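See below for the structure under consideration.
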Amino acid sequence: MTSTDLPGDRPFVLLATRAEDLPADEEYALFLRFTGLPPERLRRVRLEREPMPEIDLDEVSGILVGGSPFNASDPVERKSPVQRRVEDEMAALVDEVVARDHPFLGACYGVGTLGTHLGAPIDGTFAEPISVVDVSLTAAGRDDPLAEALPATFAAFVGHKEAISALPPAATLLASSPTCPVQMFRLKRNVYATQFHPELDLDGIVTRIHAYASYGYFAADELDLTLDAVRRAPVTAPSRLLRTFVERYAR
């Protein structure tokens, strides 16, 4: 199905929080590429630059959330005014999204936003260095209409300082890995989050490694090791989630 074959004309919204233009623009380009959407149907909002505009869920097909340098589990006194504003805005939107079961897919940062909504413990217990890991679908994932686009086990890009350490019963676990038990989950029928990055290809993660080299994801002398880690296996399957999400929810 091409972008011109998609039903309806309501856009999707990409909520982004990357302050650096190169990784921010590349993230948007990757979402466009893997969703198959034209720019006019994927409206990007850079929340690190401006307050969230009013989003009428009746007028959008779905919400996508990109990754973020923000950590939900940081003590509030360490959070910048911008991060606190973004978290308040995201919380209000997620409350409405979940209440209405509106289509939502959060990549990496989506775990923090949805996890906070759930009251799930979010901490560094299952943090993962920037790398490629093997992720496996659960039985529920194999039956899920979005996750079934993925193989039973697949390679995915990860890199996060925090994760959900225990998933509340209100959520359905869809995918897991040996180093991070909650890699993908669903709330109700249409609200999803992944800990891995479905929007990334190798060039995209290499850009982020260089852009965030001083953000504490790896030690100063580990740049080459980190670049080697993301090249250990080809990553092709996770992006299927984005196209499947768009095909399922475009209206």
Side-chain angles (χ1 to χ4, degrees), residues 14-37 42 44 46-48 64-72 105-113 124 126-137 147 149-151 153-164 175-180 182-184 192-246:
L14 172 62
L15 300 177
T17 57
R18 300 187 183 280
E20 299 80 8
D21 285 340
L22 179 59
D25 290 343
E26 190 165 52
E27 177 181 73
Y28 182 48
L30 286 164
F31 269 102
L32 288 171
R33 173 184 162 196
F34 288 131
T35 60
L37 291 168
L42 183 58
R44 177 173 61 157
R46 292 188 64 173
L47 294 174
E48 86 289 350
L64 293 160
V65 177
S68 178
F70 298 153
N71 293 305
L105 175 57
C108 196
Y109 190 48
V111 168
T113 57
F126 297 109
E128 294 176 297
I130 299 173
S131 59
V132 176
V133 301
D134 293 327
V135 178
S136 296
L137 296 180
L150 299 169
T153 298
F154 57 93
F157 292 119
V158 297
H160 51 99
K161 300 176 185 177
E162 62 182 12
I164 288 179
S176 183
S177 70
T179 50
C180 183
V182 181
Q183 284 284 359
M184 182 177 180
Y192 293 87
T194 67
Q195 187 64 78
F196 60 88
H197 285 274
E199 82 287 5
L200 277 178
D201 62 7
L202 181 58
D203 288 342
I205 198 165
V206 167
T207 294
R208 292 187 193 175
I209 288 169
H210 287 288
Y212 299 111
S214 62
Y215 278 61
Y217 290 98
F218 53 88
D221 61 351
E222 293 178 340
L223 176 61
D224 288 341
L225 289 174
T226 303
L227 291 169
D228 289 343
V230 299
R231 295 183 175 116
R232 79 159 186 87
V235 175
T236 58
S239 61
R240 299 176 196 172
L241 280 178
L242 299 179
R243 185 63 180 178
T244 303
F245 182 81
V246 164

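Note that this is a predicted model, so its numbers are computed, not measured.
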Which atoms form the tightest heavy-atom contact between [X] and [Y], and what is the distance?
{"X": "C180", "Y": "H160", "result": "SG-CE1, 3.9 Å"}
{"X": "L242", "Y": "P198", "result": "CD1-O, 3.8 Å"}
{"X": "P178", "Y": "D134", "result": "CD-O, 3.6 Å"}
{"X": "A24", "Y": "R44", "result": "O-NH1, 3.2 Å"}
{"X": "C108", "Y": "G159", "result": "SG-O, 4.4 Å"}
{"X": "S68", "Y": "Y109", "result": "CB-CG, 3.5 Å"}

With no hydrogens and no angle check, is any side-chain donor or acceptor of [X] less than 3.5 Å from a backbone partner on [Y]?
{"X": "Q183", "Y": "F196", "value": "yes"}
{"X": "R232", "Y": "V132", "value": "yes"}
{"X": "T244", "Y": "L241", "value": "no"}
{"X": "R208", "Y": "E27", "value": "no"}

Contact check, side chains of [X] and [Y], non-hydrogen atoms, under 4.5 Å:
{"X": "E26", "Y": "L200", "answer": "no"}
{"X": "F154", "Y": "L137", "answer": "yes"}
{"X": "V182", "Y": "V111", "answer": "no"}
{"X": "L227", "Y": "L223", "answer": "yes"}
{"X": "R240", "Y": "P151", "answer": "yes"}

How long is the span from the [atom1] atom in [X] to the [atom2] atom in [Y], to the nearest 0.5 Å?
{"X": "L14", "Y": "L32", "atom1": "CG", "atom2": "CG", "result": "8.5 Å"}
{"X": "F157", "Y": "I209", "atom1": "CZ", "atom2": "CD1", "result": "8.5 Å"}
{"X": "I130", "Y": "I205", "atom1": "CD1", "atom2": "CD1", "result": "6.0 Å"}
{"X": "Y212", "Y": "T226", "atom1": "OH", "atom2": "OG1", "result": "15.5 Å"}
{"X": "L37", "Y": "L64", "atom1": "CG", "atom2": "CG", "result": "8.0 Å"}
{"X": "S131", "Y": "R231", "atom1": "OG", "atom2": "CZ", "result": "14.0 Å"}

Are E48 and R46 ion-paired here, with the side-chain N under 4.0 Å from a carboxylate O? yes

Restricting to ring-ring contact (aromatic ring centres under 6.0 Å, His included), what partner residues turn up for F34, sequence neighbours left out? none

Give the C-alpha distance, both sets of side-chain angles, the deciding distance and a yes or no for side chain to side chain contact (heavy atoms under 4.5 Å, CB included) between V246 and L42. CA-CA 10 Å; V246 164; L42 183 58; over 6 Å; no

Test side chain to side chain contact (heavy atoms under 4.5 Å, CB included) on L225 and F218 and set out the steps. CA-CA 9 Å; L225 289 174; F218 53 88; over 6 Å; no

Checking side chain to side chain contact (heavy atoms under 4.5 Å, CB included) for the pair E199/T35: CA distance, chi angles, key distance, verdict? CA-CA 9 Å; E199 82 287 5; T35 60; over 6 Å; no

Evaluate the ring planes of Y217 and Y215, with Trp represented by its six-membered ring, and classify them as parallel (under 30°), tilted (30 to 60°) or perpendicular (over 60°). parallel

Pair Q195-S177, side chain to side chain contact (heavy atoms under 4.5 Å, CB included): steps then yes or no: CA-CA 10 Å; Q195 187 64 78; S177 70; over 6 Å; no

